[in-house]
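Lettering follows sequence order; numbering is per chain, from 1. Below, each value reflects all heavy atoms present in this structure, side chains not excepted, and no hydrogens, waters or symmetry copies.
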There are 2 protein chains.
Amino acid sequence: MELSNAEEQLMQILWRKETAYMKELLEAYPDPKPALTTVATLLKRMQDKNFVDYIQKGRSREYFPKVSKKKYFSKQMNGMIKNFFNDSTAQFASFFTTESDLSEKELRELRELIDRQLKNK
Amino acid sequence: MELSNAEEQLMQILWRKETAYMKELLEAYPDPKPALTTVATLLKRMQDKNFVDYIQKGRSREYFPKVSKKKYFSKQMNGMIKNFFNDSTAQFASFFTTESDLSEKELRELRELIDRQLKNK
DNA sequence: TTTTGCATTCTACATTTGTAGAATAAATAT
DNA sequence: ATATTTATTCTACAAATGTAGAATGCAAAA
């Protein structure tokens, strides 16, 4: 089961905070903030989908992500690479490199990084 | 307005074919194929969303994408980079480079590509 | 202890998405 | 000329999504 847009937005907040109470989540929303019950509904659905859990603290709950941002992101990326580049990561990489408008500096840094990666092989 | 999942799948088919009649679209679906009316509904919605158009040919229609795969993909990517990497393309690139499991050969090719990019600057 | 604030659960409802049957029309094959 | 195939439009409906009010309970502040 995937996250919907509204759910993913909330997930982003939760990832940033790592752990948060209802009130903090609400505060973290940009204006116009949704109703508290809206967030509650989303959290409930996200729990059902197994993306979020909580620890009862007194009478309220400390929510936290059950899926790491990194893991979630990787899955998204793999989906896109599969659909758009026929499952070829390399093909994606080359598309990205030529199409993204990285600055010269950024390109150099990226090359540096690749060199380091290569040393690890 | 964004494409839904089912719509995006159809879009992928249309991008592959570049142009296609109803029948061809249907044939291109993997089994179990949806009902023809399902595809018709999707096409209609995609027209409303301005992702698809057609040319009347005799009594049927030659459908074609109004948005290129590349453009669509870029938009998706930018969205993800914005959400996950704080809008930093470079940060994404470095994450990608370290986390993707590109082979040594692929890494070398990527470096080549970056070199060529750099020469263009 | 009365008010105020906050969280939770329930209920609700409009919109969007996934899926397709029925009716209709035209084109083609028999 | 009739049956068959194919496409189109209309209608429909369940599920998912976005959004939030009402009711309830409890805790902290006044």
Counting the atoms with a prime plus P, OP1 and OP2 as sugar-phosphate, which does A:K57 contact under 4.0 Å by heavy atoms, base, sugar-phosphate, or nothing? nothing
Apart from B:M1 itself, residues in the same hydrophobic cluster as defined by side-chain heavy atoms under 4.5 Å: none
Side chains of A:Y54 and A:Q47 only: does a donor on one sit below 3.5 Å from an acceptor on the other? no
Return the set of residues passing side-chain hydrogen bond (donor to acceptor under 3.5 Å, both in side chains) with B:R108 (not counting sequence neighbours), or none when no residue passes. B:E104
I'd like a list of close polar pairs between nucleotides 7-13 of chain C and the protein, N/O only, cut-off under 3.5 Å.
residue: C:dA7; atom: OP1; partner: A:K23; partner atom: N; Å: 3.1
residue: C:dT8; atom: OP1; partner: A:R61; partner atom: N; Å: 3.4
residue: C:dT8; atom: OP1; partner: A:R61; partner atom: NE; Å: 3.2
residue: C:dT8; atom: OP2; partner: A:Y63; partner atom: OH; Å: 3.1
residue: C:dT8; atom: O3'; partner: A:R61; partner atom: NH2; Å: 3.3
residue: C:dT9; atom: OP1; partner: A:R61; partner atom: NH2; Å: 2.8
residue: C:dT9; atom: OP2; partner: A:R61; partner atom: NH1; Å: 3.2

Validation row: B:M11, B:K69 side chains within 4.5 angstrom (heavy atoms): no
Can you sort out the partners of B:D101 under salt bridge (Lys or Arg N to Asp or Glu O under 4.0 Å), two or more places apart, ordered by chain and number? none
When the ring planes of B:F85 and B:F95 are compared, do they come out parallel, tilted or perpendicular, using 30° and 60° as the limits? tilted
For DNA chain C, which residues in residues 1-16 of chain B have a heavy atom at a distance below 4.0 Å? B:S4, B:N5, B:A6
Looking at D:dG18, I'd like to know if its phosphate oxygens (OP1 or OP2) sit under 4.0 Å from a side-chain N or O belonging to A:T38. no
Fellow cluster residues of A:I55, listed by chain then number, with links counted only when side-chain atoms sit under 4.5 Å apart: A:F64
Grab the CD-P distance between B:E27 and D:dT5 for me, whole Å please. 15 Å
Parallel, tilted or perpendicular: rings of A:F84 and B:F73 (30°, 60°): tilted
Rounded to the nearest Å, what distance is computed from the CG atom of residue B:L25 to the P atom of nucleotide D:dT8? 10 Å
B:Y29 OH to C:dA20 C1': how many Å, rounded? 13 Å
